[in-house]
Structure formats: structure tokens, C-alpha cells
Protein chains: 2
Amino acid sequence: MNRNPSPSRSGPEPERKRARRGSARTLILDAAVQLIREKGFAATSVDDLCKAAGVTKGAFFHNFESKEALGVALAEYWGEMTAPMFAAAPYHQPADPLDRVLAYVDFRKELVQGGIPDFSCVAGTLSQETYGEYPAIREACGNTIFGHAATLEPDFAEAIEEYGVTGTTAPSLARHTQAVLQGAFIMAKAGGEREAVLDALSHLRRYLELLFGREPSHGHA
Amino acid sequence: MNRNPSPSRSGPEPERKRARRGSARTLILDAAVQLIREKGFAATSVDDLCKAAGVTKGAFFHNFESKEALGVALAEYWGEMTAPMFAAAPYHQPADPLDRVLAYVDFRKELVQGGIPDFSCVAGTLSQETYGEYPAIREACGNTIFGHAATLEPDFAEAIEEYGVTGTTAPSLARHTQAVLQGAFIMAKAGGEREAVLDALSHLRRYLELLFGREPSHGHA
DNA sequence: AGTTAAATACCAACCGGTTGGTATGTATGT
DNA sequence: ACATACATACCAACCGGTTGGTATTTAACT
């Protein structure tokens, strides 16, 4: 959970070693997003990564101490890539907090485009696969997933207060939203059809509507 | 989807090549359940499997044409192992169909014991990891997962009719139940705490209670 | 029941290719 | 001159899979 490995340090992070334009590091990270989504972490070799990124192995091990370190960096990179995208998404506009979380669910539906590897969650895939062997990667994935869930908490907290909902909490609802998404991705993969994601998200939307006492709008799952 | 590879055959299946006592095949399959849960498919080598099962590599490739074939067999084995357990579980007893599906959710909560690799779904893990590289394994996992989901459909269908629920179907609800479970396992792995599963299942239970118009009993998520 | 032959189940040693990782060299900017 | 950012060449370990062989079970025939 500690994102700050250096033990005693004050002041702003030096933030060296971050992506400089089209550096090898970024090329490798971008290649890793694609390859690991398609084949998984273990099945993607360092050579695969280098070939896809158009760099040599020397560049790889210059930028990443090991393959495991690449995995950790990838989980963080994924979070840094997606966070601005969600921050700029239109689901924040509604004045009603419940409308915002419902718009979030609808927004996640809109993201379901292209092949299944194209929209599934890299952090979820990585986390599941590296759980036993690379705890550091799993932890980095956890930070990314729970970090994204945390961005939903304010809206849920407001909605809970405004609608007077009892028996649950904003963090729990935010995490459940992510759980349904992750499960939906697995069902889509297992069934080979991306409609499974839309189906699960429709159920999630109806759950929230029922929980907050709003008439189901027009769910069709 | 075709479980019957022999093209033109009538009469009952010969069913050779099934587990005879503590044969190598079963030893390997049992070892595979444990190892693949812990490390994943790609990270588990054939040698690992053989060592854990106490057999040699010759025995492995005598029983399974390839590592991929082991994966397919494992998905089927997993389904054959769990199906009788669920069939004999007490959640079938209630007279009311809604009570039965709610009892199923509670039963899944009870299964959450021990370490996370001990209760997570082998088929879900396998499916996610092998999606891109081994379509045959992914399909076998899909059959197992959707096959289990199908066992819930009759109860959901009855409940829908009895309670007059509209806007969804029994297959959709059955699949959503599995989606929430799979997502819960991922969140548990990502967060390193099994309570995440209980939390997600509490939300699922409340969704079903709200959807079927029953007073939430005492959910505590 | 006893003999035999074939099929089955398993074992130990081995193979070529790939793995993550390293050692060393080089071009460039300061 | 020196550190950074890469490239090239290489390695021991390990990978999935194959080999040729043996012990055991099954089936067929007498």
C-alpha cells in the first residue's frame, strides 16, 4: 500500500525516471499494455516486449530492474494513463450525485468497444495472474484498482446522504462497482462475447436505482 | 461446445480413460488444481505438476497430449468435482424459489474459508489467463462456468414468475450471480483480503431482495 | 485354468529452443 | 571526463515435448 518506497524523505518527490517523450521506457510500457492484455504476464516474454517496442534487451534492463519491476511499473502506468481519462469524462456533470454514479456506469458501458482484450482491465488481469508469484505486482495492481474506486466515493457519499440510504457505505459501494466490472470482464472472456459486460452493468445500474429508491429508467438486461 | 469429439458414433460412450483410483491422471489433476490456483497456468510448468503429483513426465504426456490438453481437462475436472458438491448443498431446501437463490448466495459466503487461492474459482482464473493463447482452454472454462450458472436458472425462473419480476430473465440473473462472484474473487486478490468477497455477496443479496421486492433481512455490507 | 500376446500405464534420460538476466561495448550530451 | 541511454553478444537454467524402454493389466485362445 505504501507508494513511497524511500523511507525518510521530505519535500516534493524528485520524480526522476519518468517518461521522456518517446523514450524506450514508454515504448516498452505501451507495448506491455497491449501484449499483457492479449497474452498475460507470464506468457509475454521480455523478448516479446522488446520486439513489440522496437528496442533491445539492453534498453529493457536499463529501464527496469527485472521483469517483475516492469509489472509493477505497468500497474502504475496503467493507473496514470486512465485516471485523466476518467477525470475528464462527462459523467461528472449531473448535479445529482446519484445521476453521476449512474452516468459512470453508463460511461463504462460506452467503453466496451472493440475486442475483449481492448477494454478489459489490465490491472485486474495482472493482479489475478501474479497474485501468488509476484506480490509486488499484485499490490501495485491493488493500488490502481482501489485508487480508481476511491474516485467514486465522494459521489456515493453524497448520494447516500441525500437519499438517506442505510446499511452500506460509500467505500463499499465504490468497491462493489469495480467488483461487478471485473467480474463482467471475466464472464465476457469466458463466454467470448462482450455483451456479458453490458448485461452485468445493467444489473449494477438497476441495483443502484433500487437501492437509492429511484424508478428503474429503461434497463434492458 | 461439442463435448463429443468422435464424429460418427451411436450408443453409449465407452468412457475409457477416466480416473481409476489414485491413477497418475487424477494425481496430476489434483496437483494442477492447487498449483494453478496459486501460480496460474503459464507459471506452472509441467515439471512442477509432475513433482507435485509425484509422477514422471512420461506419465504426464501419456495421460495428456499437451500442456494445453491438461488445461482443458482441468476445466472439465473442476466442473465435475464441484457440481456434486453444489447439488448436495442445503440451499436447495427452501420451498420458496427466492429463498433458494438467497440461500445459494449465503452458501457461497460460507465457502469463503482459508487462503484466497483456496476458494477462488479455478475456471475463472484459467479462463482469464488463457483467453488469448489457448482458446480451447478458455472454451472449456466457459462451459464449466456457464454450466454452473445454468443450475441456478430454474430457481430464478420460478422466482421471476412467482414474484412477477419484469425487465430481466433467469439466464441473465444466473450469469450475473457468477459475474459478481468472479469479480469478488479478483477484488479479494487485488486487495489481499477475503472480506471483499463477503462484501460483494452482501450487495448481490440485497440486489436480489430489492429486485424481488423482499425486505432486506440484515445485510451488513 | 493356463499360456500368450497385445495394449496400457508408467519411467528415466534426453532434446532443441526459449527464458530472464548479464557483461561488455558504444554513441551522445554535458 | 564522465554519466546516461542504449546496443550486441552471450549464458546457464528451464521450458514443453520426445525417446526408448519396462512393469502391469487386460483379452484371446487353447
Side-chain angles (χ1 to χ4, degrees), chain A residues 14-32 35-36 38-75 77 126 129-130 132-137, chain B residues 6 13-32 35-36 38-75 77 126 129-130 132-137:
Chain A
E15 277 295 336
R16 281 173 302 175
K17 206 183 204 179
R18 268 295 174 259
R20 312 175 327 151
R21 286 168 297 176
S23 68
R25 180 184 166 89
T26 306
L27 288 170
I28 293 168
L29 253 4
D30 285 331
L35 282 180
I36 289 178
E38 289 171 8
K39 312 201 301 174
F41 181 75
T44 300
S45 71
V46 174
D47 282 327
D48 290 340
L49 258 6
C50 294
K51 207 166 79 176
V55 302
T56 62
K57 226 175 199 176
F60 183 96
F61 284 100
H62 173 71
N63 285 281
F64 305 101
E65 197 179 302
S66 63
K67 194 191 176 187
E68 176 171 14
L70 177 269
V72 173
L74 177 62
Y77 182 68
L126 242 191
E129 184 178 354
T130 60
E133 297 250 279
Y134 306 96
I137 299 180
Chain B
S6 50
E13 280 289 305
E15 275 297 335
R16 282 172 302 174
K17 206 182 202 178
R18 269 294 173 260
R20 316 175 326 150
R21 286 170 298 175
S23 68
R25 180 183 166 91
T26 306
L27 288 170
I28 293 168
L29 252 5
D30 286 331
L35 282 179
I36 289 176
E38 290 172 8
K39 312 204 298 173
F41 182 75
T44 301
S45 72
V46 175
D47 281 326
D48 290 340
L49 257 9
C50 293
K51 207 166 80 173
V55 303
T56 62
K57 226 181 220 181
F60 183 96
F61 284 99
H62 171 73
N63 285 282
F64 306 100
E65 197 179 302
S66 63
K67 194 191 175 186
E68 177 171 14
L70 178 269
V72 174
L74 177 62
Y77 182 69
L126 243 190
E129 186 177 353
T130 61
E133 298 250 279
Y134 306 95
I137 299 180

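Atom set for the values below is all heavy atoms of this structure, side chains included, hydrogens, waters and symmetry mates excluded. Just so it is clear: chains get the letters A, B, ... in the order the sequence lines come, proteins before strands, and each one is counted from 1. Keep in mind that this is a model prediction, so the values were computed, not measured.
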Looking at the side chain of A:Val55, which of C:dG21, D:dG17, D:dA7 is the nearest nucleotide? D:dA7

Using only atom types and a distance under 3.5 Å, with no angle test, would you say the side chain of A:Ser45 pairs donor to acceptor with the backbone of A:Asp48? yes

Could you check how far CD1 of B:Ile137 sits from C1' of D:dG16, rounded to whole Å? 13 Å

How many angstroms lie between atom NZ of B:Lys67 and atom CG of B:Leu74, to the nearest 0.5 angstrom? 11.5 Å

Residue B:Lys57, side-chain atoms from C-beta onward, closest of C:dG20, D:dC6, C:dC14: C:dC14

Rounded distance (Å) that lies between atom C1' of C:dG20 and atom CD of A:Glu68: 12 Å

Would a distance-only check, ignoring hydrogens and angles, find a side-chain to backbone donor-acceptor pair under 3.5 Å from A:Glu68 to A:Tyr134? no

Side chain of B:Asn63 (C-beta onward), nearest among D:dG17, C:dC10, C:dT19: C:dC10

Without decimals, in angstroms, what is the distance between A:Asp48 CG and C:dT19 P? 6 Å

Where B:Leu49 and B:Ala31 come nearest, the two heavy atoms and their spacing: O-CB, 4.1 Å

Without decimals, in angstroms, what is the distance between A:Ile28 CD1 and C:dG20 P? 13 Å

Under 4.0 Å, counting only non-hydrogen atoms across every strand here, what does B:Thr56 touch: a base, just sugar-phosphate, or nothing? base

Quick check: closest heavy atoms across A:Phe60 and A:Ser66, and the distance to 0.1 Å? CE2-O, 4.2 Å

In whole angstrom, what separates A:Phe41's CZ from C:dT19's P? 13 Å

For a quick test of reading the model: is some side-chain N or O of B:His62 closer than 4.0 Å to OP1 or OP2 of C:dA9? yes

Whole Å only: how far is the CZ atom of A:Phe60 from the P atom of D:dT4? 20 Å

Roughly, in whole Å, what's the span from CG in B:Leu49 to C1' in D:dG17? 14 Å

A:Leu70 has an atom CG; how far is it from atom P of C:dT19, in whole Å? 15 Å

Nucleotide nearest A:Phe61 (side chain, heavy atoms from C-beta), chosen from D:dT18, D:dC6, C:dT22: C:dT22

